[in-house]
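Chain letters run A, B, ... following the sequence lines, proteins first and then strands; every chain starts at 1.
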Number of protein chains: 2
Amino acid sequence: MVSFKRRGGRRPGATDTRESILAAAREAFTRAGYRPATIRGIAAAAGVDPALVMHFFGNKETLFREAMTLPVEPAAVLSRALATSPDRAGEVIAATFLEIWDSAAHRDSLLGLVRASVTEQAASDMFRATILDGIEHALTEFGVSQPRLRGTLLASQLMGLAMARYILALEPLASAPRPDVAAAVAPTLQRYISGDITRESPRD
Amino acid sequence: MVSFKRRGGRRPGATDTRESILAAAREAFTRAGYRPATIRGIAAAAGVDPALVMHFFGNKETLFREAMTLPVEPAAVLSRALATSPDRAGEVIAATFLEIWDSAAHRDSLLGLVRASVTEQAASDMFRATILDGIEHALTEFGVSQPRLRGTLLASQLMGLAMARYILALEPLASAPRPDVAAAVAPTLQRYISGDITRESPRD
DNA sequence: CAGCTTATTCAACATCTGTAGAGTTCAACG
DNA sequence: CGTTGAACTCTACAGATGTTGAATAAGCTG
């Protein structure tokens, strides 16, 4: 049995390498965030030379940007929820949010985005631009008062939920059935969207 | 004027160097999290040789642990709020939470803890042990139902608020007056503590 | 003052980092 | 079938990183 050692050169057959690098990158950025994830590690996980990663993406930052593009449009989800039944938007959003996070497919990207948002300026800007502006737009379109403030409040509860349930995995929140969690959180979301959020009226 | 170049050896006078290293470490860990903060950078910021940091703390991880000890006891705050006026605990907690975060003194430690909790396993465990167990204990002591679930829900909104207002600095939440934010969030906290959080009762 | 402990620095280490350049192999197209 | 371009690897570099060991200077205790 002779073992052939590859020494450079294109591989025979179809070429899905770029995609598997992206997958490995997603996974790596997900676990620890931007800085701790290394190009070498990502390359190794993809069964590839580090230089190939450079060949495809040029540098670490664009690799990150490309790996971490959002799998869903939060603005669309919000708009649809508002359009369908304004007074139940909270329920719908909570359910959809949990559904997306619970699905293994999207989880990695989302985890990575949150992790990186906390440490990387670039990711933080991306968050603001992509997610928050979308939420705000949807709320404005629907004509609620103080759409910006409501949008950030909404984001605060959703992000906190993601942190507690998925990142820190605080029990029993982390393994509670999806509908239970949705029910617990929905009223808060609903109030942030269309309820009273001002001073001097502590009724809820 | 002759300039003396120090070449090792103790400095004359009192020695507060350890503390200034800790301060620099807090600041560094705060800005970016565990990994990106470098011992060399911390040492430089403290005007000290990197080896001195090792001398005092042995390794990076214990330096981190020592720099990032919590400045407040969340359990105590919660207990006091519950004892004073159970049906206004939400308001009190929201106010206290914002007050602590808004104070420059504690802010750095808290920022660092949250940032690191997201990426570092050790910090995440610290969070669970120190903060959450305290909250849970206080809720149990007060006799509410499902104290663990309520505790994590409470933590989720508070963490989300910290993320949105202090870490991502989402406007207008970030610069809204403290009482306004407290008023917006208090009802949610109150409901998580003593309100209805179950299914099949979507009234709020 | 002698002697021990502690604070402090210097120089060096092994390792890892992102990245660059040149070379090799394959696929696609004329 | 020859040429071009893209996929792919090797080797290397320059810089940063955590950590170590020895050397020096000051304080503390006797």
Side-chain angles (χ1 to χ4, degrees), chain A residues 2-25 28-29 31-68 116 119-123, chain B residues 2-25 28-29 31-68 116 119-123:
Chain A
V2 189
S3 84
F4 292 95
K5 206 203 284 184
R6 291 217 129 258
R7 296 207 345 128
R10 186 174 191 148
R11 293 173 188 166
T15 163
D16 59 338
T17 318
R18 198 191 142 99
E19 254 313 310
S20 56
I21 291 179
L22 274 179
F29 285 133
R31 265 218 310 276
Y34 183 77
R35 184 78 173 268
T38 77
I39 288 196
R40 288 172 139 89
I42 291 170
V48 147
D49 190 275
L52 188 59
V53 179
M54 302 303 294
H55 171 64
F56 278 130
F57 303 95
N59 55 27
K60 190 178 180 181
E61 191 177 329
T62 50
L63 170 62
F64 177 80
R65 237 184 267 277
E66 208 144 331
M68 290 298 154
T119 50
E120 289 302 306
Q121 181 67 35
Chain B
V2 189
S3 83
F4 292 96
K5 206 201 288 185
R6 294 217 129 259
R7 295 207 345 128
R10 188 176 190 144
R11 294 173 188 165
T15 164
D16 59 339
T17 318
R18 199 191 140 99
E19 253 314 308
S20 56
I21 291 179
L22 274 179
F29 285 132
R31 267 217 308 276
Y34 182 80
R35 184 79 173 269
T38 77
I39 288 197
R40 288 172 140 90
I42 292 171
V48 147
D49 190 275
L52 188 59
V53 179
M54 302 303 294
H55 171 64
F56 278 131
F57 303 96
N59 56 25
K60 191 178 178 181
E61 191 177 329
T62 50
L63 169 62
F64 176 81
R65 236 185 267 277
E66 208 143 332
M68 289 298 154
T119 49
E120 289 303 307
Q121 182 67 35

If you take all heavy atoms of [X] and [Y], which pair is closest and at what distance?
X        : Y        : result
Ile21(B) : Ile42(B) : O-CG2, 4.0 Å
Met68(B) : Ala25(B) : CE-O, 4.3 Å
Val53(B) : Ala43(B) : CG2-CB, 3.9 Å
Phe29(B) : Lys60(B) : CE2-CE, 4.2 Å
Ile39(A) : Met54(A) : CD1-SD, 3.6 Å
Ser20(B) : Ala46(B) : O-CB, 3.9 Å

So CZ of Phe56(A) and CD of Glu19(A): to nearest 0.5 Å the spacing works out to 10.5 Å
To the nearest 0.5 Å, atom CG of Leu63(A) lies from atom OH of Tyr34(A) at 8.0 Å
Are side-chain heavy atoms of Arg65(B) and Phe57(B) found at a separation under 4.5 Å? no
Over the length of the helix from dC1(C)-dG30(D) to dG30(C)-dC1(D), how much do the five-pair end axes diverge, rounded to 10 degrees? 10°
For Leu52(A) and dA7(D), what is the distance between atoms CG and C1' respectively, to the nearest whole Å? 7 Å
Starting at CZ of Arg11(B) and ending at P of dT24(D), how long is that distance when rounded to a whole Å? 19 Å
Pairs under 3.5 angstrom, nitrogen or oxygen only, protein versus nucleotides 18-21 of chain C, please.
| from | atom 1 | to | atom 2 | distance (Å) |
| --- | --- | --- | --- | --- |
| dG18(C) | OP1 | Ile39(A) | N | 3.4 |
| dG18(C) | OP1 | Lys60(A) | NZ | 3.1 |
| dG18(C) | OP2 | Ile39(A) | N | 3.1 |
| dG18(C) | N7 | Arg40(A) | NH1 | 2.4 |
| dG18(C) | O6 | Arg40(A) | NH1 | 3.1 |
| dG18(C) | O6 | Arg40(A) | NH2 | 3.2 |
| dT19(C) | OP2 | Lys60(A) | N | 3.1 |

Might you list the N or O atoms of the protein lying below 3.5 Å from N or O atoms in nucleotides 1-6 of chain C, with each pair's distance?
| from | atom 1 | to | atom 2 | distance (Å) |
| --- | --- | --- | --- | --- |
| dT6(C) | O2 | Arg10(B) | NH1 | 3.1 |

